[in-house]
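See below for the structure under consideration.
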Amino acid sequence: MNLETLIRAIPKAELHLHIEGTLEPELMFEIARRNGVALRYRSVDALRRAYEFSDLQSFLDIYYEGASVLRQERDFYDMTVAYLRRAKADNVRHTEIFFDPQTHTARGIAFETVFHGINNALRDSGMNTRLILCFLRHLNAESAMKTLEESLPFREGIVAVGLDSSEVGNPPSKFAAVFARAQAEGFRIVAHAGEEGPPSYIREALDLGASRIDHGVRCMEDSDLVDELVRRKIPLTVCPLSNVKLGVFRSMTDHNLRTMLQRGLRVTINSDDPAYFGGYIVDNFLAAASALALTEDDIRRLARNSFEASFVSDATKARFISELNQY
Ligand code: ADE
Ligand code: ZN
C-alpha cells in the first residue's frame, strides 16, 4: 500500500475542528439566500478569492462574517451534516467538534438553537462524536462565564470547554475563574495556545487544567516545557494547512511537526477550519507527509495518537486502535 492510500484508508480521529470553519462558500451563499442575509461578495468565486490571510486576525475577521449567515437551527444542522459527510469520506471514525456559541448569541441567536442544530446532526449521523464549547478569548471573562452558565442545561452533550479566537494579548489566565468553574461542573479543559502566542500561554493553559493543547507548535521554543509535555503525554492538536495559511510557518517544509514527533510529543493532525484553509483531514496528512517526508510509521503513530488523545473511554480507544492495527 503506498503512503497516500494508507493515509486515506486508515481510521483516524479529528480533535481540532471548528464547525463554523467547515461552512463552504456554496452552502454559505445558500443559507444567506434563504435567510435574506446580504454577503459582501458577489459570488462563491469572489468569496474564495478573499481567503488570503496574513495572520490569525485577518482570518478571524472573515470567519466571523461568514458565520453571520447562520440564524436558524436548520442552518447549524445542514452545516454539521455536510462536515460529517466529508469526514466520513476521509475515514474519520471519531470527531470532537468545537462550536463558538458567543459568535451567535451576540447576534441574538439563542444558545439552544445553535446547540440543537449541531447536536441533532451529530445524533442523526450515527458517528462517534463529542462537542467542545469554545469561549472567544477576545471577549471578557464575564461573557465566557455567562456562556458557561447557559450551557449547563446541555452539559450531557458537551464533553469539554476550550478557548479560541485572537490569542496574543488574551492569555488563558484571563479565564482562570471560568475554567475553575467548568472543571467543578465536570467539563474537561482544552485551550488554543502556542499558535501565535508564546510558550508561556501553553504553561498557563496547563496550570488551568488543560489536558490537551490546541496547536501548541510554539512549545518547541521552550525545551523544559517540551520535556513536561512529553512526560505528561499531553496531546497537541496540530493543524498543518492552517499554520501555513495563517503564516505561523512560511511554508509546509518549514513546519515543525516532524521535529515534534521525533521529540516524543503526542502530536495529532487536524483540519481546524477546512472550508477556509484548503483541505480536510486527509489533505492535511497528505500535505504534511509530502513536505516533511513522513514515513509509514509516522502516519500510523499520528493516527494512533489521535485515538489516544481523544475523550472516549479506554475500551473505545482500544477498539479503534485495534482496527487501526489491521492496516
Ligand atoms: N477560531 C477558529 N479557528 C481558530 C484558530 N486557528 N485559532 C484561534 N481561533 C480560531
Ligand atoms: Zn482552532
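Numbers here are sequence positions counted from 1. Ligands are counted one by one from 1 in listed order, and the atoms in each one are counted from 1 as well.
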Can you tell me if Y63 has a non-hydrogen atom under 4.0 Å from ligand 1?
yes
Which segment of F59 sits under 4.0 Å of ligand 1 when only heavy atoms are counted:
side chain
Is there a side-chain contact between L206 and R232, using heavy atoms and a 4.5 Å cut-off?
yes
Is there an N/O/S atom in D272 that lies less than 2.8 Å from the Zn ion (ligand 2)?
yes
Would a line drawn from the ring center of Y41 to the ring center of F29 be shorter than 6.0 Å?
no
With a 4.0 Å heavy-atom cut-off (strictly under), which part of D100 contacts ligand 1: side chain, backbone, both or neither?
neither
pair Y276-L241: side-chain heavy atoms closer than 4.5 Å
no
Identify, for atom 4 (C) of ligand 1, the protein heavy atom at the shortest distance, and state residue, atom and that distance.
H18 NE2, 3.6 Å
Ligand 1 atoms in contact with H192 (distance to a heavy atom under 4.0 Å)
5 (C), 7 (N), 8 (C)
Is the closest N or O pair between H16 and ligand 1 shorter than 3.5 Å?
no
H215 heavy atoms, cut-off 4.0 Å: which ligand 1 atoms fall inside?
6 (N)
Are any non-hydrogen side-chain atoms of D224 and R203 less than 4.5 angstrom apart?
yes
Between E142 and K146, is there a side-chain N and carboxylate O pair less than 4.0 Å apart?
no
List the closest protein heavy-atom neighbour of atom 3 (N) of ligand 1: residue, atom name, distance to the nearest 0.1 Å.
D273 OD2, 2.7 Å
Are side-chain N/O atoms of S143 and N140 paired as donor and acceptor at under 3.5 Å?
no
Does the side chain of E195 come within less than 4.5 Å of D214's, by heavy atoms?
no
What protein heavy atom sits nearest atom 6 (N) of ligand 1, and how far away is it?
D272 OD2, 2.7 Å
Name of the H192 atom (N/O/S only) found closest to the Zn ion (ligand 2)
NE2
Can you check whether Y201 and H215 have ring centres sitting under 6.0 Å from each other?
no
For F111 and F154, I'd like to know if the aromatic rings sit close, meaning centre-to-centre distance below 6.0 Å.
yes
Which option out of S165, A193, S242 puts a heavy atom nearest to atom 10 (C) of ligand 1?
S165
Heavy atoms only, cut-off 4.0 Å: how does E195 contact ligand 1, side chain, backbone, both, or neither?
side chain
Is D214 close enough to touch ligand 1? Criterion: a residue heavy atom under 4.0 Å from a ligand atom.
no
Taking heavy atoms and a distance under 4.0 Å, where does E20 meet ligand 1: side chain, backbone, both or neither?
neither
Degrees at the Zn ion (ligand 2) between the NE2 atom of H16 and the NE2 atom of H18, nearest 10°:
110°
So CD1 of I132 and NE2 of H16: to nearest 0.5 Å the spacing works out to 9.5 Å
